[in-house]
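Sharing a structure, written as structure tokens. Questions coming.
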Amino acid sequence: MEITETEALKRMEAYCSTAEHCRAEIVEKLQRMGVAHDAVEHIINRLIKEGYIDEERFCRAFIHDKYRFAKWGKYKIGRALQQKEIPSSVYRIFLDEVDEGEYLATLRNLLAAKRKSIRAKSEYELNGKLIRFALSRGFEMKDIRCCIDVSDENGYPE
């Protein structure tokens, strides 16, 4: 079943009005619908012109949601936005707006919660597991070091 450009535009307007979407997501969705390449470009340009697609607005919402609700670190958020073909010049501005104190507090809370569920034979092993956990959440090593006490039981740095 071939879909017309007008029909595809109407569907994408409805789709974009329910949640924030980036250009790459809409292009992919249109291609899966079988819309011709030149029609995809017309539809995308029209959606941008009419304000249905706004990369900056999308970045702001994406960063807010992933940081606040999924507790992702800046690195993981940046990588996800790169996969959505958002230029770093666009998203870097909004990542830098994240309050550093709140960001580190979020990481400390995540580490404190995780610490309760980890079994380790030594403080060294425990810290290693916490570091791997925080790295998998997309936090950078410099921030992880700030939040983990990397000293042994005697209080001496390792």
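Note that these values count all heavy atoms, side chains included, but never hydrogens, waters or copies made by symmetry.
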| What pair of heavy atoms forms the shortest contact from Leu9 to Arg46, and how long is it? |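 Looks like CD2-NH1, 3.0 Å.
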
| Are side-chain heavy atoms of Phe62 and Lys84 found at a separation under 4.5 Å? |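 Side-chain contact under 4.5 Å: yes.
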
| query | Should the heavy atoms of other residues, nucleotides or ligands under 6.0 Å from CD of Glu102 be counted, would the total exceed 12? | reply |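 Enclosed.
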
| query | Just wondering, do Leu110 and Phe139 contact through their side chains at under 4.5 Å, heavy atoms? | reply |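 Yes, at least one pair of side-chain atoms sits under 4.5 Å.
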
| Contact check, side chains of Ile93 and Glu97, non-hydrogen atoms, under 4.5 Å |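 Sidechains of Glu97 and Ile93: in contact.
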
| task | Kindly indicate whether the side chain of Asp54, heavy atoms from C-beta on, has any atom under 4.5 Å from the side chain of Ile48. | result |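 Side chain of Asp54 against side chain of Ile48, heavy atoms only: no contact under 4.5 Å found.
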
| request: Dump the intermediate steps for side chain to side chain contact (heavy atoms under 4.5 Å, CB included) on Ile131 and Met141, then the final yes or no. | output: CA-CA 8 Å; Ile131 289 169; Met141 197 62 196; 3.6 Å; yes

| Point-to-point distance, once rounded to the nearest 0.5 Å, from CG of Asp99 to CG of Asp96 |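 Here the rounded value is 12.5 Å.
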
| Sub-4.5 Å side-chain heavy-atom contact between Leu126 and Lys121 |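 No, their side chains stay 4.5 Å or more apart.
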
| said: When you compare the side chain of Leu111 with that of Lys114, does any pair of heavy atoms fall below 4.5 Å? | reply: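 Not in contact.
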
| request: Can you measure from CG (Leu47) to NE2 (His42) and round to the nearest 0.5 angstrom? | output: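 So the CG of Leu47 and the NE2 of His42 are separated by 13.0 Å.
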
| query | Sub-3.5 Å donor-acceptor pair from the side chain of Tyr103 to the main-chain atoms of Lys74, do we have one? | reply |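 Between the backbone of Lys74 and the side chain of Tyr103 there is a qualifying donor-acceptor contact (under 3.5 Å).
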
| query | How close do Glu25 and Phe58 get, heavy atom to heavy atom, and via which atoms? | reply |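 That would be OE1-CE1, 4.0 Å.
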
| Are Glu7 and Arg11 within salt-bridge range, i.e. N to O under 4.0 Å? |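 Between Arg11 and Glu7 there is a salt bridge, with a charged N closer than 4.0 Å to a carboxylate O.
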
| request: Kindly compute the distance separating CD (Glu13) from CD1 (Ile43), expressed to the nearest 0.5 Å. | output: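 Here the rounded value is 9.5 Å.
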
| said: Please find the pair of heavy atoms, one from Glu20 and one from Ala61, that lie closest to each other, and give the distance. | reply: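 Nearest heavy atoms, Glu20 then Ala61: CG-CB, 4.0 Å.
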
| If only atom types and distance count, is the side chain of Arg137 paired as donor or acceptor with the main-chain N or O of Lys71 below 3.5 Å? |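 Yes, because the side chain of Arg137 sits within donor-acceptor range (under 3.5 Å) of the backbone of Lys71.
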
| Any donor and acceptor pair, going by atom type alone, linking the side chain of Glu28 with main-chain N or O of Ala24 inside 3.5 Å? |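 Looks like no, no N/O pair under 3.5 Å.
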
| message | Under a 4.0 Å threshold between the charged nitrogen and the carboxylate oxygen, would Glu123 count as salt-bridged to Arg115? | response |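 Yes, this pair counts.
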
| request: Dump the intermediate steps for side chain to side chain contact (heavy atoms under 4.5 Å, CB included) on Leu30 and Ile44, then the final yes or no. | output: CA-CA 9 Å; Leu30 288 168; Ile44 293 294; 4.3 Å; yes

| said: Under a 4.0 Å threshold between the charged nitrogen and the carboxylate oxygen, would Glu41 count as salt-bridged to Arg23? | reply: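 A salt bridge is present here (some side-chain N lies under 4.0 Å from a carboxylate O).
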
| Considering residues, nucleotides and ligands other than Tyr75, do more than 12 of their heavy atoms fall under 6.0 Å from its OH? |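 Check fails, neighbour count at 12 or below.
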
| query | Hey, mind stepping through Leu81 and Leu95 against side chain to side chain contact (heavy atoms under 4.5 Å, CB included) and telling me if it holds? | reply | CA-CA 11 Å; Leu81 288 168; Leu95 273 180; 5.5 Å; no

| said: So for atom CZ, which belongs to Arg32, do other residues, nucleotides or ligands contribute more than 12 heavy atoms lying within a distance under 6.0 Å? | reply: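 More than 12 heavy atoms, drawn from other residues, nucleotides or ligands, come within 6.0 Å of this atom.
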
| query | Taking atom NZ of Lys76 and atom CZ of Arg79, what is their separation to the nearest 0.5 Å? | reply |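 With rounding to 0.5 Å, NZ (Lys76) is 12.0 Å from CZ (Arg79).
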
| Are the aromatic rings of Tyr15 and His21 close, with centres under 6.0 Å apart? |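 Yes, the ring of Tyr15 comes within the 6.0 Å limit of the ring of His21, centre to centre.
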
| message | Tell me whether Lys29 contacts the main-chain N or O of Met12 through its side chain, where contact means a donor paired with an acceptor under 3.5 Å. | response |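 No.
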
| query | Just how far is it from atom CG of Leu107 to atom CD1 of Ile148, taken to the nearest 0.5 Å? | reply |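 So the gap between those two atoms works out to 7.5 Å.
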
| query | If you round to the nearest 0.5 Å, how far is CG of Leu104 from SG of Cys146? | reply |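 If I round to the nearest 0.5 Å, the distance is 6.0 Å.
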
| field | Pair Gln82-Tyr91, side-chain donor/acceptor within less than 3.5 Å | value |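 Note: Gln82 and Tyr91 side chains meet the donor-acceptor criterion.
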
| Over all atoms of both residues, closest heavy-atom pair of Ala14 and Ser17 |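 Shortest heavy-atom separation between Ala14 and Ser17 comes out as O-OG, 2.8 Å.
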
| query | If we only count heavy atoms from C-beta on, is the Thr4 to Val35 side-chain gap below 4.5 Å? | reply |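 Side chain of Thr4 against side chain of Val35, heavy atoms only: no contact under 4.5 Å found.
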
| query | Is there side-chain contact between Cys22 and Ile53, with heavy atoms separated by less than 4.5 Å? | reply |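 Side-chain contact under 4.5 Å: no.
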
| query | Just wondering, more than 12 heavy atoms not from Arg108 lying within 6.0 Å of its CZ? | reply |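 Check passes, neighbour count above 12.
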
